[in-house]
Amino acid sequence: MAQRASTASKKSPQVTPQVTPQVTPQVNPPVSEQISPRVIKDLHERMVRIRLFETEAGKLMEAGKLPGFLHLYVGQEAVAAGVMTALRDDDQITSTHRGHGHAVAKGVGFREMYAELYGRVTGACLGRGGSMHINDLTRGMLGANGIVGAGVPIAVGAAFAARYKGEDNVAVTFFGDGATNIGAWHEGANMAAILGLPVVFVCENNGYAEFTPQSAHMLLTDVADRAAAYGMPSVIVDGMDAVAVHRAAVEAVERARRGEGPMMIEAKTYRFFDHQGVKGLRHPYRSAEEVAEWRTRDPIDLIEARAVADGTATRTELDDVWQRTRDEIAEAIAYAEASPLPDPADLLLNVYSG
Amino acid sequence: MAQRASTASKKSPQVTPQVTPQVTPQVNPPVSEQISPRVIKDLHERMVRIRLFETEAGKLMEAGKLPGFLHLYVGQEAVAAGVMTALRDDDQITSTHRGHGHAVAKGVGFREMYAELYGRVTGACLGRGGSMHINDLTRGMLGANGIVGAGVPIAVGAAFAARYKGEDNVAVTFFGDGATNIGAWHEGANMAAILGLPVVFVCENNGYAEFTPQSAHMLLTDVADRAAAYGMPSVIVDGMDAVAVHRAAVEAVERARRGEGPMMIEAKTYRFFDHQGVKGLRHPYRSAEEVAEWRTRDPIDLIEARAVADGTATRTELDDVWQRTRDEIAEAIAYAEASPLPDPADLLLNVYSG
Amino acid sequence: MTATTVTTTTNGAPAVATRKLTYVKAFNEGLAQAMREDENVFVAGEDVAGYGGVFRMFDNLLDEFGPRRMIDTPISEAALVGLGVGAAARGLRPVVDLMFMDFIGVCLDQIVNQAAKMKYMFGGGLSVPLTITTASGAGLGAAAQHSQSLEAWLAHVPGLKVVMPSDAYTAKGLTVSAIRDDNPVVVMLNKVLLGSTGEVPEEIYGIPLGQAHTARQGSDVTVIALGRMVGEALAAADELAAEGVEIEVIDPRTVQPLDTETMFASVRRTNRVLVVHEAVTFGGLGAEIAAQIQDVVFDYLDAPVLRIGAPFSPVPFSPVLEKAYVPDRARIAQGCRRLLERS
Amino acid sequence: MTATTVTTTTNGAPAVATRKLTYVKAFNEGLAQAMREDENVFVAGEDVAGYGGVFRMFDNLLDEFGPRRMIDTPISEAALVGLGVGAAARGLRPVVDLMFMDFIGVCLDQIVNQAAKMKYMFGGGLSVPLTITTASGAGLGAAAQHSQSLEAWLAHVPGLKVVMPSDAYTAKGLTVSAIRDDNPVVVMLNKVLLGSTGEVPEEIYGIPLGQAHTARQGSDVTVIALGRMVGEALAAADELAAEGVEIEVIDPRTVQPLDTETMFASVRRTNRVLVVHEAVTFGGLGAEIAAQIQDVVFDYLDAPVLRIGAPFSPVPFSPVLEKAYVPDRARIAQGCRRLLERS
Ligand SMILES: Cc1ncc(C[n+]2csc(CCOP(=O)(O)OP(=O)(O)O)c2C)c(N)n1
Ligand SMILES: Cc1ncc(C[n+]2csc(CCOP(=O)(O)OP(=O)(O)O)c2C)c(N)n1
Ligand SMILES: [Mg+2]
Ligand SMILES: [Mg+2]
């Protein structure tokens with residue numbers, strides 16, 4: 001019998017750390033005429049909101065004002081914006097350790113997010129959770145998560161609940177390239193597939209799991225190839241192109257909503273900051289050229305150029321978005337700083353229900 | 001962008017139990033001339049040894065002589081025999097809850113196996129482990145395992161040790177169709193692939209995980225399709241044809257031994273008894289026709305017909321193998337029954353080393 | 001959520017019409033009634049639907065509730081519990097089955113880091129009314145990976161509740177209460193007890209979580225027994241009664257939250273206490289119980305709290321070893337005698 | 001395997017030439033020396049090689065030992081521990097890193113059902129000389145899923161050993177002993193201590209596993225402190241000394257096996273004892289220690305054993321809450337005063 005070739009690339013085993021670029025920017029797919037100006041503006045605004053939320057949070061951390069960890073989403077904004085513009089408010093998402101972008105794009109307020117980062121009682125988690133547990137159940141944000149891959153089965157459960165109740169909302173689970181190596185991811189994908197649940201699997205492939213390049217954690221070039229193991233269709237998109245992400249998401253979400261089961265989207269993207277924090281790197285696990293190359297494809301620059309070229313928006317209109325957002329953020333940070341700390345007497349609040 | 005079709009079959013989600021056959025017997029591949037009579041005889045003998053070990057164990061259990069669980073391997077003998085004839089004594093295997101076949105084929109003695117089933121101190125585990133923990137480190141049998149999928153990473157570790165020490169032995173991990181749904185399996189497969197380790201992944205696809213047909217636990221027809229998710233090549237063989245399994249195993253083992261990394265073999269097979277024990281079924285999760293159909297392709301009948309037709313062996317020679325084995329088993333059971341029980345005073349023996 | 005619908009006598013026997021049922025049938029009946037009571041209850045697990053569960057825990061439920069509410073899943077315990085967490089967070093009341101408690105090692109993250117902590121770390125905006133059922137305990141020759149009693153792990157986790165039914169009556173009532181409860185609750189059935197019988201009311205009833213039950217009153221020694229050890233303690237009580245020794249047997253029923261008040265009150269009367277469980281003694285719940293008792297009722301103790309549990313080894317296979325491994329009535333009786341010898 | 005190569009004075013300070021090193025550097029040095037000593041030692045984990053570990057635990061080891069012995073792995077903790085189990089079963093001495101102890105929930109099966117039980121249930125034909133390193137503890141605002149102290153789970157598992165280094169000296173010596181030991185040993189480093197400094201000998205040395213260390217002698221109260229709490233207890237001791245109260249501070253160093261003899265001997269002299277750990281009090285190791293002490297030295301106790309641990313909640317994020325959550329010198333001193341008030 002003939003040996004079945006793997007569909008994947010046959011790289012030689014890789015155990016030494018690599019510093020060469022693992023993910024190269026992709027050519028932008030052709031501009032389609034169909035995309036509505038409203039969506040472009042929506043994508044742009046959500047991306048700006050994420051960008052400014054994150055860069056300001058980074059500054060606050062550098063200034064020593066925020067306790068705990070901070071995994072910044074900067075560079076990946078097109079993914080959160082592209083997916084979230086395809087969702088309704090009652091659609092559910094589960095997120096990761098790098099969850100601010102998803103929360104902002106899903107509509108969680110700046111006030112409760114900053115207040116949470118500051119550990120204030122007005123925060124999204126009453127100051128109990130911090131960056132990695134931000135959630136907003138009224139917005140379908142089922143939480144960031146500190147455990148890699150753990151959000152995946154939870155999204156499957158949310159989708160199960162929707163179908164069980166006869167509701168047509170869908171669940172989206174976000175995860176990184178690195179997360180697809182953990183057991184819970186695999187189990188969740190198969191569970192969604194075999195139960196035919198309305199779950200969209202969004203892989204934000206930024207080429208690294210912490211400091212380990214993709215080539216050192218899997219032999220595949222395209223994480224999307226993993227979907228086939230569950231009988232799940234998949235699509236690869238340019239994760240710096242919010243419109244491309246949006247289109248793929250609309251397709252996957254509507255497919256799920258129609259009851260046709262789960263699907264996977266792989267968005268090729270990049271994080272502009274370090275894995276955690278803003279301090280720069282202890283070891284050069286990514287080359288300066290690689291970072292610079294990706295920065296030339298800043299997802300916000302791309303959509304702004306497009307919007308201006310298309311006539312969707314003027315430069316002034318775009319600048320207004322930045323300014324409005326800046327103001328809102330300044331106000332939110334002031335709110336957070338003025339908010340009271342939790343009372344240690346309430347330490348046992350919410351351990352149990354009822 | 002075009003949606004990437006899943007390479008897998010697109011079955012509709014399946015949540016209700018099925019009683020229709022999920023695995024249909026395959027046509028025997030053409031007889032090749034190259035297979036040596038020695039190998040055919042070896043395959044035959046190992047299969048007979050497994051068959052008689054198991055049917056006698058089943059009788060002992062029915063007679064109420066054996067405590068604990070008993071997952072019989074009858075029907076799947078071609079897989080263990082086919083793989084083990086491709087291995088050296090110093091090659092390592094990890095097994096499952098259904099491990100007797102692997103142990104017998106790897107050369108573990110009847111005496112210590114029966115003694116273990118009887119819970120005697122002369123058993124393979126000194127009576128501490130029972131059916132699901134039979135092992136023999138002198139034969140490269142790294143143990144049955146009571147936890148589905150748990151043997152997979154352990155085999156990866158054994159392969160790691162071989163390469164680390166500059167030895168050229170390989171590790172084989174056996175698992176069922178159902179086991180490929182658990183996280184440890186996924187993680188182990190990817191770990192072996194990315195580290196390029198000499199591990200052969202042998203899926204014994206008997207169409208069921210306990211009482212759940214494959215169609216209700218995954219959307220794929222061929223478990224082998226999962227190998228591609230790790231950049232691992234795979235091959236599908238008729239698991240009732242010991243020669244076919246042997247050939248695939250030789251190829252995969254030699255490939256691994258040459259340092260070319262892991263490979264997966266899916267053997268389509270069937271278990272003739274129930275998931276556990278010999279008592280027959282509480283619910284008819286498999287149809288009588290399905291069982292009967294598969295029994296027409298009894299792997300021992302197939303190899304005997306072939307051996308006689310080829311002139312590799314006479315009927316008398318084959319009968320001799322059965323008789324010799326029966327005698328050996330009778331002696332081993334007598335040995336086990338005459339063996340002393342463990343002394344409760346030694347309860348804490350072997351909890352720690354040193 | 002924890003009110004019981006039957007009047008119980010002081011010794012816990014229901015005062016309503018009952019009939020004999022096995023432990024596993026009592027569990028099954030409680031589950032079925034909870035499913036009838038609340039449309040949001042569903043069951044997921046390996047072979048729970050078509051096969052009715054390898055221990056027959058789910059027999060006939062597929063027939064009554066259909067495949068929408070009885071879900072067979074792949075062998076994927078992490079995803080299975082995660083499915084329960086996500087569904088519970090979205091308002092359902094999942095019952096997720098882990099078959100053998102020993103399998104918890106492959107899905108503990110979802111139980112401990114997700115289900116148990118979610119309400120707290122999310123700031124309280126949701127509840128996780130998840131029930132996890134599982135079979136624990138030794139005695140069937142199932143060996144080291146299929147015989148453990150791991151309640152001490154779970155009881156150490158803020159956010160979880162844990163119940164250990166000791167007979168048919170509690171198998172039903174605690175299961176109903178677990179499902180009605182708004183928190184993640186682990187129901188640890190005992191494998192050896194599955195076929196044991198007891199009087200069980202027909203109607204649905206809950207047994208308050210976190211309330212210990214005095215299974216037998218006595219004045220000489222307080223015996224606190226978990227799960228299957230309750231029956232062993234009652235048997236020891238009969239044996240000791242013949243010697244003129246009256247022991248009080250307390251069944252905590254719920255080990256998290258743990259009703260220590262009932263224990264303290266008993267010890268104040270008996271001044272001697274023995275704790276017995278199947279789990280390994282070192283780090284078992286007996287340690288917590290002993291630590292609390294010596295703390296709170298120190299001055300009432302005429303002897304140190306005595307713990308009986310398994311020795312510090314994995315569960316052995318051979319029945320002769322397994323028998324020596326698991327505590328039983330003889331060791332309990334012996335322990336009581338030792339306690340009484342001490343002045 | 002557990003003999004130390006340095007002479008130590010009674011208070012545990014080495015009598016050989018030392019210099020100040022941070023806790024994390026001491027760990028790193030011990031590991032490097034153990035790797036030099038035994039070619040079979042290798043390290044695997046996420047970002048342990050190229051990056052040197054997120055806590056810098058493995059800095060420079062890739063340079064010295066190369067990619068054969070320093071292995072970066074995918075995020076696959078179950079396979080990572082399993083790799084260690086299989087390699088250990090085949091004669092290597094793997095050091096496997098779990099980064100944060102909280103991640104143990106995704107790989108506990110390999111630790112508890114495989115590594116810990118293998119020798120026993122296989123009948124003794126092999127050893128599993130596996131070392132698992134991980135960072136535990138609260139205090140960095142890392143919240144509920146990155147701050148736990150879960151030693152009570154592991155110490156409850158026959159077949160495992162567990163060490164909790166309390167300073168730079170023990171971080172090195174216990175790590176060396178863990179690697180030299182023929183059993184699976186979990187080394188629980190403490191995140192807050194990583195940057196703390198202490199005197200550390202240059203040469204390789206082991207600290208005997210299962211041997212407690214009396215970190216300070218005193219006659220009024222015995223304080224048994226785990227991990228980071230040892231330093232807090234010593235600080236409390238200074239505070240109390242100013243009040244004329246002399247406490248004895250015992251650092252078990254290894255919590256499985258646990259050296260209770262040293263504790264009993266101390267309590268026989270002080271008659272009062274306090275146990276303190278970062279983990280949640282309920283079901284924590286303090287319970288086991290209290291249970292054993294009240295059992296064995298019951299007649300020497302002038303007051304119940306007092307336990308101080310975290311309250312029964314997940315670890316909160318906000319520093320103001322986290323500070324209230326984790327025990328500290330003030331609460332220890334307060335506890336000692338309470339014990340002394342009791343007559
Ligand atoms: C189970 C588990 N293992 C390890 C970690 C530590 N960790 C946090 S983020 C991360 C890398 C995740 O990589 P990826 O999934 O690609 O996401 P990215 O950070 O690139 O967004 C790791 C290893 C964790 N949080 N949980
Ligand atoms: C982690 C875990 N989950 C569940 C089980 C219970 N169990 C034992 S065997 C089995 C089915 C295994 O199916 P498969 O892998 O196809 O092997 P087969 O029994 O068909 O040989 C299950 C669910 C287990 N032992 N371990
Ligand atoms: Mg990544
Ligand atoms: Mg199978």
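Each chain gets a letter, A, B and so on, in the order the sequences are listed, and its residues count up from 1.
With hydrogens and angles ignored, the 3.5 Å screen pairs no side-chain donor or acceptor of A/Asn190 with any backbone N or O of B/Met218. Judged by distance alone, the side chain of A/Glu187 and the main-chain N or O of B/Gly183 form a donor-acceptor pair under 3.5 Å. Side-chain N or O atoms of B/His186 include one that pairs as donor or acceptor with a backbone N or O of A/Thr180 at under 3.5 Å.
For a residue to count as touching a neighbouring chain, one of its non-hydrogen atoms must lie under 4.5 Å from one of that chain's; by this rule B/Asn181 touches chain A with backbone and side chain alike.
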